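Structure first, commentary second.
In the text below, chain A, chain B and the rest are named by the order of the sequence lines, each starting its count at 1. What you see is a predicted model, and the numbers here were worked out from it, not measured in a lab.
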Amino acid sequence: MAATPKAAAPATLMPLLIHLLRGASDLASVSATHAKLLKLGADASVASSNHLLAAYCRCGSTAPARRLFDGMPDRNVVSWTALMSGYASAGRPRAAVALLRAMVLSGVAPNAFTFSTAASACARLADAGLGRQVHACAEVAGYACDNVVATALVDMYGKAGSVRDARAMFDAMPATARNIVSWASMLSVYAQNALGHDAIQLFAELRSNGEDMAPNHFILSSVVSACAGVGRLGIGRCLHGMVLRHGHEDNDVVAVALVDMYSKCGCYEYSKKVFDNIKQPSVISYTSIIVATAKYGLGRCALALFSDMVDRGVQPNSVTLLGVLHACSHSGLVDIGLHLLHSMRSKYGIDPCASHYTCAVDMLGRAGQLEEAFELANEARLDGNDDLLLWSSLLSSCRNHKRLDLATKAGKKVSEFSQDVAGALVVMSNAYASAGQADDAAAVWSNMRQRSIRKDPGCSWIEIKDVPYVFYAGVASPAGARADDVMLLLDELETKMREKGYKGRIGGARVLDADEEVDEDHHDEGKGVMVGVHSEMLTLGFGLLVIPKGMIIRVMKNLRMCCGCHEAFKLISDIMEREFVVRDLNRFHHFRRGSCSCN
DNA sequence: CTAGGGTTAG
């Protein structure tokens, strides 16, 4: 019996169909091909429909894909997976995961492609619960040991914040199954979850037993960003070298990670150099250099970069505008900042959100325009945690400007929240303490103790020959930190500083005047809050001892640097004729010749 | 038909 033309058609049309669809990246040409196919009267085989389905999904058109899918008399695992992947990449991950259940119910067995797609949809949702269900299904179906599925699950657990599960998944993979993507995924899990030290350590493992796996741009960008997070300049520089050796310097993502790393390690000049080498900076490239410039207190310079960006036709996003506001805030450009806040919708089509308002309120507060700050805070009409953050920041400003009346108002607002308010309460306590109301300060502390609220301990660290040394206030120094020599040096410095009119103390216990690093053991009921030597001071002392003259001493801190230490650092830079860069929670201080870049 | 990277106030 001769083959009917209808049966022959798909076989002959298939290569043509694939060719046409491969070049079709927009809805118009995919539907044109679809129409042509229908006109030819070719019977829609499952394979050709799947190709069409995938083409619709590639150009992000899930609606026609869905219509096609619904009209298919037969659907195989490829049809289901193609549609699932279409939903996931079109920003509808929930619908994608729902398809997994539907396909099982309709009697089609998922394969490795299906499970990895489903896992990646759960990653987009950052939903570990749903992800765990997908993991269990994959396990039962025998696909959890497939290396692509396992890697997708590593990524899913990481994006959902379950770092331990991600690592367990990674560890369960046989060493031979771990390829460059598996390593890159695990590294990015650490980097994205602020576990820079773990990322750096895992990278070292990859280097020592990953044989022939040369680090690619995915790995380099993750590890560079891990260095940025923990301020490891030494490793960061070494990675920059690898980037150049492996020819990844033109990769935009790697470049951004380097800009960010240098800026967070206190090397603004290097950040700028890397940025200037980017041929066509993206929004993110511009944003990262604007944020870096802002953190360095170069507000005008940040604004110039911003207008440069707009002139070049690069559309700012919400993060960019936050960076620009931040720049205004830290350089006292209040009017420009407010104008930006109020014109961002009309000029750039971006609605100000909680972070923009908080930044603007902080800007007003910093400038001492506290009444205006209150007004804006009320105008913002935020809710929940956003509102708490905004009022806590305003409370800080009131305290910094010694406006106890307004601080009480803001403090009342803050205490209405039943959430973790440790930071805000410390600020409140210090507001009282600096206003000389030690009893009220002590009352806040005992209230905190009763509610068993604790604050993260402050710590500072420094990198010596690629080894980090971490110091805590009032706690034994790390091994090799020469604690006695450090204390001796600090005492000597204090004497010299006295001669220059310094009134504070750096060597012994004293009244706390900063909103951080409270060592409760030193707390003396009713007499004010006492602390030992601040961690940044210990770290600087150690740095002065071991880092040769002429080299910049780089100190990192997990909280904000306190005013007392800030003053002392300025004097010490003059006395010792040294330069230091301190990176604290949110900015840089470059000390040299008795002054600081932050003014 | 499948897995991975960068910027975010206080």
Query raised in the report: How does protein reach along nucleotides 1-8 of chain B, written 5' to 3' as B (base within reach of a heavy atom under 4.0 Å), S (only sugar-phosphate), or - (no contact)?
Result: BBBBBBBB

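The aromatic ring centres of A:H135 and A:F115 sit 6.0 Å or more apart. Taking the centre of each ring, A:W183 and A:F203 stay at or above the 6.0 Å mark. Ring centroids of A:F69 and A:Y87 are separated by 6.0 Å or more, keeping the two rings apart. Centroid-to-centroid, the aromatic rings of A:H240 and A:Y262 come within less than 6.0 Å.
Backbone-only contact: A:H330 has heavy atoms under 4.0 Å from sugar-phosphate atoms and none from a base. Residue contacts for A:R75: at a heavy-atom cut-off of 4.0 Å it reaches no nucleic acid atom on any strand shown.
A salt bridge is absent between A:K557 and A:D584: the closest approach of a Lys/Arg side-chain nitrogen to an acidic carboxylate oxygen does not fall below 4.0 angstrom. Taking the charged nitrogens against the carboxylate oxygens, A:D165 and A:R132 do have a contact shorter than 4.0 Å, which makes a salt bridge.
The stretch residues 130-139 of chain A has no heavy atom under 4.0 Å from DNA chain B, so no residue of it qualifies as close.
In this structure, the CG atom of A:N385 is 15 Å from the P atom of B:dA9, given to the nearest Å. The CG atom of A:L382 sits 16 Å away from the P atom of B:dA9 (whole-angstrom rounding).
For the pair A:K273 and A:Y270, the distance from NZ or CZ to the six-membered ring centre is under 6.0 Å and the angle to the ring normal is within 45 degrees.
Residue pairs meeting the ring pair (Phe, Tyr, Trp, His ring centres under 6.0 Å) criterion with at least one partner in residues 378-401 of chain A, sequence neighbours excluded, are A:F374-A:W391.
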